[in-house]
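Okay, structure first, notes after.
What's counted below: heavy atoms across the whole structure, side chains too, no hydrogens, waters or symmetry copies. Order of the sequence lines fixes the chain letters, A, B, ..., with proteins taken first and strands second; residue numbering starts at 1 for each chain.
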Protein chains: 4
Amino acid sequence: MAAQKPTRSPRPAPAPAAPAPAAGKPHPDAARRSQRSRQAIYEAALALVGEVGYPKTTIEGIAARAGVGKQTIYRWWSSKADVLLEAFLDLGERLVENAGEEAYAIPDTGDVAADLKFTLRSTVDELRDPRFEAPYRALAAEGVVNEQLGRTFVARLLEPSLQLHADRLRAAQEAGQVRQGIDLRIALELFVSPLAQRWLQHTGPYTHAYTDTLVDYALHGLAPR
Amino acid sequence: MAAQKPTRSPRPAPAPAAPAPAAGKPHPDAARRSQRSRQAIYEAALALVGEVGYPKTTIEGIAARAGVGKQTIYRWWSSKADVLLEAFLDLGERLVENAGEEAYAIPDTGDVAADLKFTLRSTVDELRDPRFEAPYRALAAEGVVNEQLGRTFVARLLEPSLQLHADRLRAAQEAGQVRQGIDLRIALELFVSPLAQRWLQHTGPYTHAYTDTLVDYALHGLAPR
Amino acid sequence: MAAQKPTRSPRPAPAPAAPAPAAGKPHPDAARRSQRSRQAIYEAALALVGEVGYPKTTIEGIAARAGVGKQTIYRWWSSKADVLLEAFLDLGERLVENAGEEAYAIPDTGDVAADLKFTLRSTVDELRDPRFEAPYRALAAEGVVNEQLGRTFVARLLEPSLQLHADRLRAAQEAGQVRQGIDLRIALELFVSPLAQRWLQHTGPYTHAYTDTLVDYALHGLAPR
Amino acid sequence: MAAQKPTRSPRPAPAPAAPAPAAGKPHPDAARRSQRSRQAIYEAALALVGEVGYPKTTIEGIAARAGVGKQTIYRWWSSKADVLLEAFLDLGERLVENAGEEAYAIPDTGDVAADLKFTLRSTVDELRDPRFEAPYRALAAEGVVNEQLGRTFVARLLEPSLQLHADRLRAAQEAGQVRQGIDLRIALELFVSPLAQRWLQHTGPYTHAYTDTLVDYALHGLAPR
DNA sequence: TCATAAGCGAGACGGTACGTCTGGTCTTTCA
DNA sequence: TGAAAGACCAGACGTACCGTCTCGCTTATGA
């Protein structure tokens, strides 16, 4: 579904002093990189996307706001989308650090339906968080049209969250609450994708009641019993 | 799923000489509008998006290719996305005219599962159609970020198709193949949205086997029986 | 000097219903021409040049202000300068009609110096008249660069005035106040051109004292010895 | 008369690497300015004015011909006229450098009339020089209508030449060939302005014979009695 | 320890496209 | 059939950014 929890994954120490760049940046000496500039660029990028929107956010604008030369951006990133993607990942990491790991885990009370409903409700809340909305939409939109960025977006932002859903479903399967033989990656899409689509494409409202219904329909199917 | 068949709906003659503009263009005298220019602009826009991609498609480029003054575009449309949306709608209408009405209907053989699988398979095929891919992605991406356009996109492109799915589900419900009390608009998202998301966000492959599975899971649920 | 008196010439009945166009306009039937539109165009042109200056005066602006279609201007004139030239000539004619013929004549009191000083002083006053300044400068400037218009400008606006100066000098010559053999057309330039240049090119102030001095210097040169 | 010799003045080395701009351009860092671009722009501007005329010379055209971005022109100049003025001044300077200083001085043989006739004859020749004609007329015309540019035009192009004439007249005055008390700045206009007007306004031919006559008429007026 | 070479802020540069404005032409509708 | 209206093709306007390219100036080793 729609990247509920940016990088809620365990993240085995991405070493902030030398984080692997999102896409391979070749030449410069990363050891001498200015962390001050980097953080300023992240903040400027997120702020501008929030204030004026993604299309009106420009590299020049980010550089000016960050008090940085344009070349410093072009040296380390290949595009506006690339900057924003890293800035957003960085934001997610910082929020996670402040929140604690398990805050983003899917609970396992033994009641799959309740656990999934709870998790989807908090996803809905997150999608409404104004800090996330603008950059997240921007990145999603860019990913629709730019497959390379889209795949990075999915791998870095969506995948960890989806994996948690799959894990929870596996536990349910082992507990006999989900049929054997079900493809869990497809199964989770039954409730995750509809929410994602409503959010991405404005095809309808996304409320707690809606996600509750999704979980019910998905878990029990549409057929009469 | 995602706008399989642009305007496959019955369309009770929208009078091609005076089609309601997608977004209200107030000022100029529509009666004096040059249809030659309009068609040339549609063709140029679709061709350019296909050839160089949406971001490198420019209004100047469209005007030049269409042999039209820039002002003629700005007079009638408010943005590149707006032009492309109308061009795409027009393309859909022209294809529908050539195909015949029932080509886009969802069959009703009495077997919901089979009918939905058949329809989703053809949706998959359509999503691979190179004439649609580029402009359709571009519009979807724009709609993610631009709510106004997004809503028009949904209303004009997605909605007619979604309505057909809802209708087929209603027939199934009346035939006792779908539980009473189910919200059909939500129900159809169980199989339509996952395909949409895989296509939009490159979260996974979209094959006939995949959509068949979706229909099965959605109709029967995940729970053991 | 510089077109002091626009068309103070006798003007043998320019028949307002069919006045010969300044420069040959070929095709249309002048007999059916709308005098209302013509006058409105004249007024709009002069007003706009006065208000926003010549470069920002546009044919579209004139047409809009005159409540006239653009084609009505293009039908009867070949350029913006052409419109303004005729408008200015028309203005001159109307002012002359209100003033009476002899108002613009050069007096002959028997004292050439006094008569010329008087005339040049009133020329200076005229050059400062805000109704004339803007359009007159605009036409002069256009004439510098556009020889065809320049010659028309000279013939219609400057020549009549220059001829009066030549006439007055001839009378002085016959009265023995100017040397025999002097080329009167050159002679008059001695006092007329310096004023013209100061006004046109901002090479210096143009005051009554200045023109008085010019007449003195020049007449001394022309006097018999 | 009108700007015979652009900047024939002594010019004590204006340091070509940092020449004072004609009109103060405040903002950008002049030290980093590209001299290559600057010269290319000068040449393109002069060439275009010569080839297609001033009104059809566009900033885009100059930029394209000079192989320069438009912004590079807008960065350093405020208008087309401004570019041309500096280009023309630069041309004058380069020609002066190739010609040697005294080539433009007014000779002093002791015979004022002869010296002035000689100088005016060479001014006439210069006015016919096709390298000067087009840009010079264009600038003069612009200056008629744009007082700010006009004053710069006079100060940078006309004034040096006029000063030489005044100097020569002063020498004549000291030699007793010109009356005491004569205002030399006005005196020189007696022969300079008529030529200027004939050239500017096409009021008549400008020949060597004509300027000889002017000098005769004027000097008679200025002679002691 | 200090040169030396990188990253850095700054911003000029050659470009492209923007959205607007006007020039001239052409067409429609009316009187 | 002249005129008002205004859509049309064309293309220049002046602005905004793009991505590249110097400039000095830190600044952090490594000889």
Exercise. Got a sec, which residues hit salt bridge (charged side-chain N to carboxylate O under 4.0 Å, His left out) with A/R94, two or more places apart in sequence or on another chain?
Worked result: A/D90

Exercise. Can you name the closest pair of heavy atoms from B/W76 and B/D29 and give their distance?
Worked result: CH2-O, 3.6 Å

Exercise. Looking at residues at least two apart in the chain, or sitting in another chain, which of them share a side-chain hydrogen bond (donor to acceptor under 3.5 Å, both in side chains) with D/R36?
Worked result: none

For this session: May I ask you to say what A/G61 touches in the nucleic acid, namely base, sugar-phosphate or nothing, with a heavy-atom cut-off under 4.0 Å?
Result: nothing

Problem set entry | Upstream residue (5' side of DNA chain E) when B/K80 and A/S37 are each assigned their closest nucleotide | A/S37

Problem set entry | Length of the CZ-C1' vector between D/R36 and E/dA12, whole Å | 14 Å

For this session: Report the residues that fulfil side-chain contact (heavy atoms from CB on, under 4.5 Å) with A/S37, sequence neighbours left out, ordered by chain and then residue number.
Result: A/S34, A/V68, A/T72

For this session: Between C/V68 and A/T57, name the one whose nearest nucleotide on DNA chain F is closer to the 5' end.
Result: C/V68

Exercise. Quick one: side-chain hydrogen bond (donor to acceptor under 3.5 Å, both in side chains) partners of D/E60, sequence neighbours excluded?
Worked result: D/K70

For this session: Could you state the atom-to-atom distance from CZ of A/R33 to P of F/dT29 in whole Å?
Result: 17 Å

Problem set entry | D/I73 CD1 to E/dA12 C1', straight-line distance once rounded to whole Å | 14 Å

For this session: Starting at atom NZ of C/K56, determine the distance to atom C1' of E/dT20, rounded to an integer number of angstrom.
Result: 14 Å

For this session: Would you indicate which nucleotide in E/dA6, F/dG19, E/dC8 comes nearest to any side-chain atom of A/D29?
Result: E/dA6

For this session: Measure from CD on B/E60 to C1' on E/dG19 and round the result to the nearest Å.
Result: 9 Å

For this session: Rounded to the nearest angstrom, tell me the gap between atom OH in B/Y74 and atom C1' in F/dA12.
Result: 14 Å

Problem set entry | Proximal nucleotide (of E/dC13, E/dG19, F/dC8) relative to the B/I59 side chain | E/dG19

Seminar exercise, completed: The reported gap from CZ in C/R75 to CZ in C/R33 (rounded to nearest 0.5 angstrom) is 10.0 Å

For this session: Could you state the atom-to-atom distance from CD1 of D/I41 to P of E/dA12 in whole Å?
Result: 14 Å

Exercise. From the list E/dC8, F/dC9, E/dT20, which nucleotide is the closest neighbour of the side chain of B/T72?
Worked result: F/dC9

Show the distances under 3.5 angstrom between N or O atoms of the protein and N or O atoms of nucleotides 26-31 of chain E.
from   : atom 1 : to    : atom 2 : distance (Å)
E/dC26 : N4     : C/Q71 : NE2    : 2.4
E/dT27 : O2     : B/R32 : NH2    : 2.8

Exercise. Nearest 0.5 Å, what's the CD-CG distance between A/E86 and A/L91?
Worked result: 13.5 Å

Exercise. Taking CZ from D/R75 and P from E/dG14, how many angstroms apart are they, rounded to a whole number?
Worked result: 8 Å

For this session: For E/dG23, take OP1 and OP2 only and decide whether either is under 4.0 Å from a side-chain N or O of C/W77.
Result: no

Exercise. Which residue lies toward the 5' end of DNA chain F, C/G67 or B/A63, if each is placed at its nearest nucleotide?
Worked result: C/G67

Problem set entry | Any A/W76 side-chain N or O less than 4.0 Å from OP1/OP2 of E/dC8 | yes

Exercise. Any idea which of F/dA12, E/dC13, F/dA7 is nearest the D/T58 side chain?
Worked result: F/dA12

Exercise. With B/A134, which residues qualify under side-chain contact (heavy atoms from CB on, under 4.5 Å), at least two apart?
Worked result: B/V49

